[in-house]
Amino acid sequence: MYAVAARIQGAEVVRVSLDPARGFALDAAAIDAAVQPGVKLVFICSPNNPTGNRFEREALLALARTLEGRALLIIDEAYAEFAQPGAGEKSLASELPAHPNLVLLRTLSKAYGLAGARCGVVLGAPELIALLRKIIPPYALAQQTLETVLAATEPPELAAAAARIALLRDERARLAAALARCPAVLRVWPSEANFLLVEFDHPGCVFDALKAAGLLVRDLRAAAPLARALRISVGTPEHNARLLATVRGCTALSAASGANGP
Ligand SMILES: *Cc1c(COP(=O)(O)O)cnc(C)c1O
């Protein structure tokens with residue numbers, strides 16, 4: 001969507017690819033090289049969609065310092081709440097005072113399940129926020145959105161959300177381990193988001209079987225380095241059990257197509 005928004009503004013988009021061979025790690029040198037004069041905004045999503053990995057805090061901060069005076073470094077933290085517990089702070093928010101060109105985006109659409117409310121937050125230097133205040137449309141948030149968001153951020157609701165997020169992380173670990181044991185699965189990438197990036201020997205068969213079972217996953221086969229990958233959102237325990245049963249059933253399917261087809 002950032003690329004779509006940029007094009008609507010007539011801005012050029014420069015893409016820097018992540019390399020699966022490096023575990024989709026941040027390639028700061030490649031980004032630095034791509035930030036030619038005229039590049040003003042650098043967007044990075046961490047944990048990243050659809051790869052699921054979170055970039056190293058120090059690597060992001062070093063990049064912010066490298067870009068200072070040249071470009072804003074905008075980190076999309078839409079999936080921050082799902083990051084691995086005990087692996088350090090989940091957000092870069094505490095780093096903002098030391099990095100004037102660092103901007104963070106958060107949303108209520110994912111961990112808080114409020115995608116329909118259309119509410120998120122930008123965190124950044126006071127000068128930047130003052131500028132955004134000048135150009136934000138009047139009455140940008142509907143009253144019903146405000147009421148929904150205020151109700152969802154009361155202490156009991158936040159506690160319930162934290163419990164849901166903890167359950168999701170447990171289910172993510174369980175699902176990742178179980179998928180890794182399925183013969184149809186080539187690889188389950190480590191994830192700190194609410195989904196798993198999974199490579200299959202026959203992703204098309206798995207996609208169709210899941211669809212027939214009433215489970216929609218994201219087909220990533222059009223994205224070159226992910227030609228065998230599906231992005232699978234972690235569901236309720238019941239959804240995850242149905243997903244596993246379906247993927248296990250795909251073994252016979254892919255074995256049969258392998259035996260009969262080219
Ligand atoms: C879902 C998602 C968001 C959240 O978008 P909203 O407009 O706040 O609903 C932001 N960034 C990424 C990468 C996402 O996947």
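When a ligand or atom number is given, it counts from 1 through the structure's own listing order. Please read all numbers here as calculations on a predicted model, not as lab measurements.
- The protein heavy-atom contact nearest to atom 12 (C) of ligand 1 is D76 OD2, 3.3 Å.
- Annotation: side chain of L226 is in contact with side chain of L197 (closest heavy-atom distance under 4.5 Å).
- Here the heavy atom of the protein found nearest to atom 2 (C) of ligand 1 is K110 NZ, 2.3 Å.
- Counting heavy atoms under 4.0 Å from ligand 1, residue M1 does not touch it at all.
- At a threshold of 4.5 Å between non-hydrogen side-chain atoms, the residues R218 and F195 do not count as touching.
- Given atom 7 (O) of ligand 1, the protein heavy atom at minimum distance is R118 NH2, 2.7 Å.
- Judged by the shortest distance from any of its heavy atoms, A115 lies outside the 4.0 Å radius around the atoms of ligand 1.
- Using a 4.5 Å heavy-atom threshold, the side chains of I232 and H239 count as separate.
- For atom 15 (O) of ligand 1, the closest non-hydrogen atom on the protein side is Y79 OH, 2.7 Å.
- Protein heavy atom at the shortest distance from atom 9 (O) of ligand 1 is S109 OG, 2.5 Å.
- Surrounding CD of Q144 are at most 12 heavy atoms belonging to other residues, nucleotides or ligands under 6.0 Å away.
- By the 4.0 Å N-to-carboxylate-O rule, R65 lies too far from E68 to be salt-bridged with it.
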